[in-house]
Amino acid sequence: MEIFWYIALLFMLTVYLVLEGYDFGAGIVHLLFAKSEEDKKMITKSIGPFWDANEVWLIASGGVLFFAFPTLYASSFSGFYLPLIMILWLLIFRAIGLELYGFVNNHLWKSIWNTSFGVASLLLALFFGIALGNIVRGVNLGMVENGVSTQEAHYFFLPLWNSTFSPQANHLGVIDWFTVFLGVIAVIALTIHGANWVIYKTSSSLNQKLKKVVFIMNFALLAFVIVSLLVWHYIQENPYENFNNHPWLWIFPVISFAGIFGLFKVKSYKDGMGFLFSTLFLVGGFVASAVSIFPKMLPSTNEVNPSLTLYNASAHEYGLSIGVFWFVIAFALVSLYFIVQHKVFKGKMDHIHYGDH
């Protein structure tokens, strides 16, 4: 049953990354590339009917984590307390930026909430990339000092950064050069993803400019990804062990690179193809990162306490088996809502009214 719930959790997090990823990316595009009021409106129209529904996948993922892997839930939510609170506030400011924008027809009012929406989107993309870096790098479970655990084996707490800014320090921080590096990759990737969504869902005058932006940023994305694969050896011993032991897992890195190379021809594709290729990159890259540390879910950086895996962090077998029934019902309802929503709002979003009060 642990394998089932691991796959379910990974699937939901991947769906959240793809769906909320284009929301974050659209916010970054809104902040950096949309200069006219009309272009800004077109961007918010493209995500208006979807963004709050997309966040359901994050809530659902948290519920599955709490139910199926309670030890991991307790450990990570206490250890990553500071960045999680920051992410919560960023989600709030991003949401109210979208919702309060049109309440008052005043330039200063609109400028404040436009900025709130854009900056929060940018920082959320950065923080989620940093979060992935922390998972891949691991944490000091048990807060080991001089070979002795000072806390329970699954407990840890990370400050935002340490004095050395190193991912191999004894006292790790949330932010170091490796996690920031992955955060930058996330910002670039989600900006591309969001731009492709805007191109796909609108006929904005910004679209031709965004195709050029995607093409240029894709060179940076490819370069950063290649460097990240090289420095991974510095962070983790034998990072490709799972891939070598199970060659079929190489399909996920292949999918990721297929997405990157496909994006180089975004100018010649139909509007939806760019979004498809950026989706392939995100799905392939995220799943490849997860399976590279399998069966670990939160690696331990010390040799005293074991890593948290899907086996030692999971709930009792009986509870996991009973939960499958309710999960199937809930998943079917959410999927039905998702299908209906996207059927109702299929095609271009140019003529919908969002944010006009």
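Tyr22 and His193 have tilted rings, their planes meeting at an angle from 30° to 60° on a 0 to 90° scale. Ring geometry for Tyr200 versus Trp197: interplanar angle over 60°, hence perpendicular rather than tilted (30 to 60°).
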(request) Report the C-alpha distance between Leu206 and Val29 in whole Å, list the side-chain angles of each, state the deciding distance to 0.1 Å, and finish with yes or no for side chain to side chain contact (heavy atoms under 4.5 Å, CB included). (result) CA-CA 10 Å; Leu206 194 61; Val29 170; 4.2 Å; yes
(message) If you apply the rule side chain to side chain contact (heavy atoms under 4.5 Å, CB included), what do you find for Phe93 with Val119, and how did you get there?
(response) CA-CA 9 Å; Phe93 272 97; Val119 171; over 6 Å; no
(message) Show, in sequence, the C-alpha distance, side-chain angles and deciding distance for Thr202 and Asn207, and conclude whether the side chain to side chain contact (heavy atoms under 4.5 Å, CB included) test is met.
(response) CA-CA 8 Å; Thr202 73; Asn207 284 5; 3.6 Å; yes
(request) Begin from the C-alpha positions of Glu317 and Glu2 and carry the test side chain to side chain contact (heavy atoms under 4.5 Å, CB included) through to its verdict. (result) CA-CA 8 Å; Glu317 183 79 13; Glu2 295 91 345; 3.8 Å; yes
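At distances below 3.5 Å, at least one donor-acceptor pair connects side-chain atoms of Ser228 with backbone N or O atoms of Val225. With hydrogens and angles disregarded, a donor-acceptor distance shorter than 3.5 Å links the side chain of Ser78 to the backbone of Ala74. Ser166 places a side-chain N or O within donor-acceptor distance of the main-chain N or O of Gln168, the cut-off being under 3.5 Å. One N or O on the side chain of Trp5 and one on the backbone of Leu320 form a donor-acceptor pair closer than 3.5 Å. Side-chain atoms of Thr279 come within 3.5 Å of backbone N or O of Phe275 as a donor-acceptor pair. Counting only distance, with no hydrogens or angles, the side chain of Asn196 and the backbone of Ile192 share a donor-acceptor pair below 3.5 Å. Judged by distance alone, the side chain of Ser75 and the main-chain N or O of Tyr155 form no donor-acceptor pair under 3.5 Å. Without hydrogens or angle criteria, Ser300 side chain to Pro306 main chain gives no donor-acceptor distance under 3.5 Å. Judged by distance alone, the side chain of Asn305 and the main-chain N or O of Leu141 form a donor-acceptor pair under 3.5 Å. Judged by distance alone, with hydrogens and angles left aside, the side-chain atoms of Ser278 form no donor-acceptor pair with the main-chain N or O of Leu263 at under 3.5 Å.
Crowding of Tyr6 atom OH: a count of heavy atoms from other residues, nucleotides or ligands under 6.0 Å exceeding 12. Taking a 6.0 Å sphere around CH2 of Trp161, one finds it holds 12 or fewer heavy atoms contributed by other residues, nucleotides or ligands. Heavy atoms from other residues, nucleotides or ligands lying under 6.0 Å from CZ of Phe66 number 12 at most. Tyr81 OH: 12 or fewer foreign heavy atoms inside a 6.0 Å radius. By the neighbour-count criterion of 12 heavy atoms within 6.0 Å, atom CH2 of Trp250 is densely surrounded, having more than that number from other residues, nucleotides or ligands. Summarising the local packing, CD of Glu152 is surrounded by 12 or fewer heavy atoms from other residues, nucleotides or ligands at distances under 6.0 Å.
Closest heavy-atom contact between Gly133 and Thr179: C-CG2, 3.7 Å. Residues Val198 and Ala26 come closest through the heavy atom pair CG2-CB, 4.3 Å. Minimum heavy-atom separation, Ser314 to Pro70: C-CD, 4.0 Å.
To the nearest 0.5 Å, the span separating CH2 on Trp177 from CZ on Phe165 amounts to 10.5 Å. Put simply, OG on Ser121 and CG on Leu90 are 9.5 Å apart, with the number rounded to the nearest 0.5 Å. Interatomic distance, CZ of Phe178 versus CG of Leu172, reported as 12.0 Å (0.5 Å rounding). To the nearest 0.5 Å, atoms OG (Ser46) and CG (Asp23) are separated by 8.0 Å. Residue Leu126 holds its CG atom at 10.0 Å from CD1 of Ile87, rounded to the nearest 0.5 Å. Atoms CD1 and CE, on Ile47 and Met42 in that order, are 13.0 Å from each other to the nearest 0.5 Å.
The hydrophobic clustering, which links ILVMFWY residues whose side-chain heavy atoms are closer than 4.5 Å, places Phe345 and Leu336 together. Under a hydrophobic-cluster definition in which Ile, Leu, Val, Met, Phe, Trp and Tyr are linked whenever side-chain heavy atoms come within less than 4.5 Å, directly or via other members, Met143 and Val148 are assigned to different clusters. Taking hydrophobic clusters as Ile, Leu, Val, Met, Phe, Trp and Tyr residues chained together by side-chain heavy-atom distances below 4.5 Å, Val231 shares a cluster with Leu229. In the hydrophobic clustering of this structure, Leu333 does not group with Met12; members are Ile, Leu, Val, Met, Phe, Trp, Tyr whose side-chain heavy atoms approach within less than 4.5 Å, directly or through other members. Residues Met217 and Phe264 share a hydrophobic cluster, clusters being chains of Ile/Leu/Val/Met/Phe/Trp/Tyr side chains in contact below 4.5 Å.
Leu91 places a side-chain heavy atom less than 4.5 Å from the side chain of Leu58. In this structure the side chain of His154 reaches within 4.5 angstrom of the side chain of Leu308, judged on heavy atoms. Considering only heavy atoms from C-beta on, Asp176 stays 4.5 Å or farther from Thr164 through its side chain. Proximity of Leu65 to Leu9: side-chain heavy atoms (C-beta onward) are separated by under 4.5 Å at one or more points. Between Leu124 and Glu20 the shortest side-chain heavy-atom distance does not fall below 4.5 Å. Residues His171 and Asn140 fail the side-chain proximity criterion, which asks for heavy atoms closer than 4.5 Å. In this structure the side chain of Lys343 never reaches within 4.5 angstrom of the side chain of Val340, judged on heavy atoms. The side-chain heavy atoms of Val187 and Phe24, taken from C-beta on, include no pair separated by under 4.5 Å.
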Run the side-chain donor-acceptor check on residues 285-299: report pairs under 3.5 Å with partners two or more places apart or on a different chain.
unit_1: Ser289; atom_1: OG; unit_2: Gly285; atom_2: O; d: 2.9
unit_1: Ser292; atom_1: OG; unit_2: Ser289; atom_2: O; d: 2.6

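Residues Phe67 and Trp326 keep their aromatic ring centres 6.0 Å or farther apart.
For the ring pair (Phe, Tyr, Trp, His ring centres under 6.0 Å) with Phe224, the lone residue among Phe219, Phe181, Phe281 that qualifies is Phe181.
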